[in-house]
Amino acid sequence: MKKVLIARVLPEGVYPALDGLEVVRRDRTTPLDDDEMRAALRDFDGVLCTLGDQFSAEVFADVPQPRCKVLANFGVGFNHIDVRAAQAVGVMVTNTPGAVTDATADTAMTLMLMSARRAGEAERLVRSGAWEGWHPTQMLGMHLTGKTVGIAGMGRIGQAIARRCHFGFEMPVRYFGRAPKELDFEAVYHSDLQEMAACVDVLVTAVPSNPQTHHLINADVLAAMQPHARLINIARGDVVEEAALIDALQRGVIGGAGLDVYEFEPLVPQALRDLDNVVLLPHLGTSTMEVRVDMGLMAVANLQAFLRGDTPPNPV
Ligand SMILES: NC(=O)C1=CN([C@@H]2O[C@H](COP(=O)(O)OP(=O)(O)OC[C@H]3O[C@@H](n4cnc5c(N)ncnc54)[C@H](OP(=O)(O)O)[C@@H]3O)[C@@H](O)[C@H]2O)C=CC1
Ligand SMILES: O=C(O)C(=O)CO
């Protein structure tokens, strides 16, 4: 019987799919440390891992002949795994594309609306007991309907966000990427990110984290944005240069931001937490029971397929 490690507590609905495998459940919510990752590679045939488990080149180098030949990642983003180093020691990496798309797009919309309508600030006002009642100029935000959205990374999640904006909020859509896409809705392509940043009311990031997208949103991009515009990041923290964003928010270079992810997650700088013009979520993108079960079942399907000798559905 093949032996697998499940690196985190998962929703109960996922475990039955592991039938036929010898399963070791690590009943913790924290990332694997380096010793645990080395042991996982040495002692198991497969590992279901997730974000936070930093399978670096050094970890793979320490176990040059791993028993484990498959890392089934729970999540679509796999920037925490050095895929080249994994492949060099014969480990396949799989992920969970699609299962995450709608929930993450919904989170982008949540952040867009919360930032535009100052919902975090307003909720804090009510909770503080300082609200003195409705008046015509109380907490005026930005009307989202009809505003222009710019999406950096028109992949699965980018397109799901674009559809919500276009069909739900009548928002003209612009996008930045490596090449224009064939889309079933109207959208203007930009090959230059700063050019797009200058003409949108909301700029959303939906690219993967990789060396090319590290600090894609930097001081120059923020400076190009309009003073009322909002930045929404549901991608990965390091896609945005956090220090430059804090400076832009403090100086009013942009109108506000909505963040689900952070450069040094789970560390959220005090300077960000002190600002009223930023909405801060704790990497909630996919956090619904239904979606987390789907992600788990997809990760297990990859694991099961590989371990019975088939090609897994979602190799990266
Ligand atoms: N906050 C959260 O909880 C979640 C965050 N995520 C993050 O969202 C990311 C995107 O997911 P998903 O939409 O499924 O991925 P996709 O691969 O479908 O889309 C990514 C898009 O980014 C584009 N892209 C990649 N590199 C660059 C680059 N250097 N410059 C410009 N564009 C680039 C791709 O372009 P091309 O089409 O040319 O390849 C593609 O269109 C994940 O990698 C993950 O990090 C995902 C789920 C949940
Ligand atoms: O899937 C991902 O990449 C996430 O960030 C968590 O769902």
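When a ligand or atom number is given, it counts from 1 through the structure's own listing order. Keep in mind that what you see is a predicted model, and the values were worked out from it rather than measured.
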- Task: Walk me through it: do Lys3 and Asp43 pass the test salt bridge (Lys or Arg N to Asp or Glu O under 4.0 Å)?
- Result: CA-CA 8 Å; Lys3 187 176 173 191; Asp43 302 336; over 6 Å; no
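- Residues of the protein with a heavy atom under 4.0 Å from ligand 2 are Leu51, Gly75, Val76, Gly77, Val100, Arg236, His283, Thr286, Met295, listed by chain and number.
- Cluster note: Leu51 groups with no other residue, as no ILVMFWY side-chain heavy atom lies under 4.5 Å from it.
- At a heavy-atom distance under 4.0 Å, only side-chain atoms of Asp260, from C-beta outward, approach ligand 1.
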- Task: List the steps and the verdict of salt bridge (Lys or Arg N to Asp or Glu O under 4.0 Å) for Arg230 and Asp201.
- Result: CA-CA 6 Å; Arg230 267 58 173 185; Asp201 302 295; over 6 Å; no
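- Residues Leu5, Val24, Leu32, Met37, Leu41, Phe44, Val47, Phe55, Val59, Phe60, Val63, Leu71, Phe78, Val83, Val89, Val91, Val93, Val316 make up the rest of the hydrophobic cluster containing Ile81, defined by ILVMFWY side-chain heavy atoms closer than 4.5 Å, directly or through other members.
- When heavy-atom distances to ligand 1 are checked against a 4.0 Å cut-off, Ala206 comes that close only through its backbone atoms N, CA, C and O.
- Taking each of Lys181, Met154, Gln159, Arg156 in turn, the one with a heavy atom nearest to atom 16 (P) of ligand 1 proves to be Arg156.
- For the 3.5 Å distance criterion, the side chains of Arg84 and Gln87 fail to qualify, holding no donor opposite an acceptor.
- Proximity of Thr101 to ligand 1 is not established, as no heavy-atom distance is less than 4.0 Å.
- One distance of note links OG1 of Thr148 with CE of Met196; it measures 11.0 Å at 0.5 Å rounding.
- For the atom pair CG of Leu297 and CG of Leu10, the computed distance is 9.5 Å after rounding to the nearest 0.5 Å.
- In terms of the ring-ring contact (aromatic ring centres under 6.0 Å, His included) criterion, Phe176 has no residue partners (sequence neighbours excluded).
- Using a non-hydrogen distance threshold of 4.0 Å, Leu216 does not register as a contact of ligand 1.
- Under 4.0 Å from ligand 1, the heavy atoms of Arg236 that appear belong solely to its side chain.
- Looking at ligand 1, you won't find any N or O of Gly77 less than 3.5 Å from one of its N or O atoms.
- Looking at ligand 1, you won't find any N or O of Gly153 less than 3.5 Å from one of its N or O atoms.
- For atom 13 (O) of ligand 1, the candidate residues are Ile157, Thr104, Leu259; the nearest heavy-atom contact is made by Ile157.
- Contact annotation: Ala179 has no heavy atom less than 4.0 Å from any atom of ligand 1.
- On a distance-only criterion, His283 and ligand 1 share at least one N/O pair closer than 3.5 Å.
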